[in-house]
Amino acid sequence: MYRDRGGGSSKSEIVGGTFDRKRINDALDKQLEKSNSRVLNISKESSRLSMPSSSTAGIGKLQQLQKQKQVDYRDNRSSSTFTTKNKCSDEESETDSEESDVSGSDRDDDISWISWFCNLRGNEFFCEVDDDYIQDDFNLCGLSSQVPYYDYALDLILDVESSHEDTFTEEQNELVESAAEMLYGLIHVRYILTTKGMATMLEKYKNYDFGRCPRVYCCGQPCLPVGQSDIPRSSTVKIYCPRCEDIYYPRSKYQGNIDGSYFGTTFPHLFLMTYAHLKPQKPTQSYVPRVFGFKLHK
């Protein structure tokens with residue numbers, strides 16, 4: 001429990017502390033038994049001799065001191081327990097806040113499905129496809145055979161009210177949602193090749209939404225999303241650098257799980273042909289390996 005919460009003492013420390021406390025309690029009990037036996041012996045001797053003894057008062061003081069020690073120990077123990085509980089409660093509150101942040105990805109009924117999907121963490125590469133484009137059957141030609149639950153998925157994307165939620169099981173509703181994500185991705189790869197789609201992606205490119213090239217000599221060149229295959233579920237999305245003309249993995253692990261076919265192999269190159277003024281010059285510098293300042297011979 002403590003290890004999972006990550007902020008308090010470890011389990012071994014707690015167990016060790018329990019043993020130490022038990023050892024202290026046993027020692028105190030033994031000390032009390034010894035003092036009580038001394039009191040009994042002294043009281044017997046004083047009654048036998050019929051004369052007052054000053055040691056009785058000293059023993060009484062000893063008992064009072066031992067009782068005071070027990071009270072102080074219990075107070076310290078209760079205060080340490082209270083501190084531990086406060087730490088645990090603080091950690092639980094932090095965990096609750098993190099869970100509330102995660103639960104913020106739930107869909108709000110006030111926004112459309114497309115806006116909700118594009119605003120999810122990891123979906124920053126996607127742009128919002130116009131409803132008019134999706135409602136044109138010509139743009140969806142051939143997709144019905146690739147996507148299961150096609151009609152239900154299309155209704156979900158367009159926010160069309162459907163009665164299937166009442167008749168489908170929870171598992172079937174999850175399949176419809178997965179199918180809607182796949183269908184939107186396959187529509188998206190077609191939309192970003194249109195004039196309007198490229199204009200939308202241009203704004204994201206200018207805002208560095210696709211990331212920058214990790215290569216040092218590319219000097220932070222903004223990149224474009226690209227797929228290594230047009231076949232769904234073949235590979236994940238990569239980012240293409242127009243300066244060094246190479247591809248890299250996205251920085252975010254969430255973006256790295258997106259299907260590369262939702263962006264395709266054509267988009268970045270057609271994009272740079274359309275906006276030729278954005279094509280950067282190739283870097284003139286390259287890294288030279290050296291040992292003690294001397295170049296390595298190949």
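Positions are given from 1, in the same order as the sequence printed here. Any value given below was found using the heavy atoms of this structure, including those in side chains, with hydrogens, waters and symmetry copies removed.
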* Hey, quick one: are V160 and Y149 part of the same hydrophobic cluster, counting side-chain heavy atoms closer than 4.5 Å, chains of contacts allowed? -> yes
* Scan L158, D136, D159 and name whichever one has a side-chain contact (heavy atoms from CB on, under 4.5 Å) with D131. => L158
* Asked: Should the heavy atoms of other residues, nucleotides or ligands under 6.0 Å from NE2 of H297 be counted, would the total exceed 12?
  -> no
* **Residue pair K238 / T236, side-chain donor-acceptor N/O under 3.5 Å** => yes
* So do V176 and F168 actually touch side chain to side chain, heavy atoms under 4.5 Å? -> yes
* To do: Check whether more than 12 heavy atoms from other residues, nucleotides or ligands sit under 6.0 Å from atom NZ of K282, and answer yes or no.
  => no
* In Å and rounded to the nearest 0.5 Å, what is the CD to CZ distance from Q285 to R215? -> 9.0 Å
* OG1/T266 to CG/L193 distance, rounded to the nearest 0.5 angstrom? -> 6.0 Å
* Short question: side chain of D246, backbone of C241 - any donor-acceptor pair under 3.5 Å? -> no
* Looking at Y240, F125, F210, which one forms a side-chain contact (heavy atoms from CB on, under 4.5 Å) with F263? -> F125
* side-chain contact (heavy atoms from CB on, under 4.5 Å) between W113 and E181, intermediate numbers included -> CA-CA 10 Å; W113 185 93; E181 294 177 6; 4.1 Å; yes
* Distance from D259 atom CG to Y262 atom OH, nearest 0.5 Å? -> 5.0 Å
* Consider only side-chain heavy atoms of I, L, V, M, F, W and Y, link residues closer than 4.5 Å, and tell whether I239 and Y275 are in one cluster. => yes
* Is the shortest heavy-atom distance from the side chain of L278 to the side chain of F271 under 4.5 Å? -> yes
* Asked: Would you call L154 and I134 a side-chain contact if the rule is heavy atoms closer than 4.5 Å?
  -> yes
* To do: Working to the nearest 0.5 Å, report the span between CZ of R243 and SG of C223.
  => 10.5 Å
* Asked: Do I247 and V189 belong to the same hydrophobic cluster, where Ile, Leu, Val, Met, Phe, Trp and Tyr are linked whenever their side-chain heavy atoms lie under 4.5 Å apart, directly or via other members?
  -> no
* Around atom CD of E170, are there more than 12 heavy atoms of other residues, nucleotides or ligands at under 6.0 Å? -> no
* To do: Taking all heavy atoms of C213 and all of Y248, pick out the closest pair and write down the distance.
  => SG-CE1, 3.6 Å
* Check whether any side-chain heavy atom of E128 lies under 4.5 Å from a side-chain heavy atom of S115, and answer yes or no. => yes
* Taking side chain as C-beta onward, heavy atoms only, is Y191 less than 4.5 Å from T194? -> yes
* Cluster link L120 to M201, ILVMFWY, side chain under 4.5 Å -> yes
* Answer yes or no: does atom CZ of R233 have more than 12 heavy-atom neighbours from other residues, nucleotides or ligands under 6.0 Å? => no
* Should L270 and V129 be counted in the same cluster of Ile, Leu, Val, Met, Phe, Trp and Tyr side chains packed under 4.5 Å apart? -> yes
* Asked: Tell me, do L183 and L156 make a side-chain contact under 4.5 Å, heavy atoms counted?
  -> no
* To the nearest 0.5 Å, what is the distance between CG (L143) and OG (S145)? -> 7.5 Å
* Minimum-distance pair of heavy atoms, taken over all atoms of C127 and Y184 -> O-OH, 2.7 Å
* Out of curiosity, D155 CG to E161 CD, how far, rounded to the nearest 0.5 Å? -> 10.5 Å
